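Just below is one structure, and these are the notes that go with it.
Below, chain A is the first sequence line, B the second, and so on; all start at residue 1. Note that the coordinates shown come from a computational prediction; the quantities given were computed from them, not determined experimentally.
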Amino acid sequence: MAKRIAAIETVPPRELRALRLDELPHATVALAKFLLGKVLVRDSKEGRVSGRIVETEAYPPGDPACHARSGRTARNASLFLRHGHIYVYRAYGTAMMLNVSSEAEGVGAGVLIRAAEPLTGIEVMRRRRGIDDVYRLTKGPGCLAQAFAVDLGLDGVAYDAANSLWLADDGFGVTKVGRSVRIGITRNADKPWRFFIHGNRWVSGPARLNDGAK
DNA sequence: TGAAAGATTCGCT
DNA sequence: GCGAATCTTTCAG
């Protein structure tokens, strides 16, 4: 019998309202903050999986750390789509990274979704991840992508319920937003463009308010 | 054509 | 807490 976390398993999900692409901010940093507290939903034949986004990073236009820095290529083309499209890539051979394109068509920029708090479909996530511990299911970008069955086939698709991966608002209010420098990058590493919900257990990096922010 | 770096994770000590 | 694993893309020669 798997260990249960009562506070997670028994809270009934709030009603989800799907976000339309035109409701998303058109600017990268604004979108990174906006996504905190929103719900990421993945539908599949295994059932619905959802989680509250608790950690994001912004990669604005012209940022040397952004994959779009050297112009449009086959790999990063999705970053140049109109804001609200899915950009997926593989890092370090195995980990899939889930991003949201964040600017106008033709402008390369995006927001990385680094972590989420599991809401529904926890058993499905456990199966996909091969672990029981709820606190490790979706902590870190590679783990999140695995729990949500994100693969390269989703690259370039819009966040829309018709495409099985979409964003929703359930009325949750974020009270304390923390910010810090981004994790694991070397270019432009001093910019405080990582955002997270302060005090949340699924945040994958340093969790102090203003950690490292200039 | 070859080499190096990378928005990470997991296991072992 | 540290270091290896892993593989695709990009850049330089």
Please confirm whether the shortest side-chain N or O distance from [X] to OP1 or OP2 of [N] is below 4.0 Å.
X	N	value
A/R90	B/dT8	no
A/R129	B/dC10	yes
A/T73	C/dT10	yes

What is the distance, to the nearest angstrom, from the [atom1] atom on [X] to the [atom2] atom on [N]?
X	N	atom1	atom2	answer
A/N76	B/dG6	CG	P	16 Å
A/Y89	C/dT10	OH	P	12 Å
A/R72	C/dT9	CZ	C1'	17 Å
A/R194	B/dT8	CZ	P	11 Å
A/I185	B/dA7	CD1	P	8 Å
A/L144	B/dA7	CG	P	17 Å
A/R114	B/dT8	CZ	C1'	9 Å

Report which part of the nucleic acid [X] touches: base, sugar-phosphate, or nothing (heavy-atom distance under 4.0 Å, all strands).
X	answer
A/R187	nothing
A/R75	sugar-phosphate
A/A65	base
A/I183	sugar-phosphate

Comparing A/R136 and A/T186 on DNA chain B - which has the more 5′ nearest nucleotide: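 Per heavy-atom nearest nucleotide, the more 5' residue is A/T186.
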
Options C/dT10, B/dT8, B/dA7, nucleotide nearest the side-chain atoms of A/A95: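 For A/A95, the side-chain atoms sit closest to B/dT8.
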
Nucleotide of C/dC11, B/dT9, B/dT8 approaching A/S70 most closely (side-chain heavy atoms):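 Minimum distance to the A/S70 side chain belongs to C/dC11.
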
Ring-base stacking, A/Y59 with B/dA7 (5.5 Å, 30° cut-offs):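 So A/Y59 counts as stacking on the base.
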
Flag for A/R194-A/T56: side-chain donor and acceptor within less than 3.5 Å: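 The answer is no; no qualifying pair exists.
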
Presence of salt bridge, A/K38 and A/E23, under 4.0 angstrom: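 No salt bridge links A/E23 with A/K38.
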
Close side-chain approach of A/H198 to A/V174, heavy-atom, < 4.5 Å: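 In short, these two side chains do not touch, never coming nearer than 4.5 Å.
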
Parallel, tilted or perpendicular: ring planes of A/Y135 versus A/W202, cut at 30 and 60 degrees: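 Geometry flag for A/W202 against A/Y135: tilted rings.
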
Residue matched to B/dA7 through Watson-Crick or wobble contacts both under 3.5 angstrom: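 Looking at the geometry, B/dA7 pairs with no nucleotide.
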
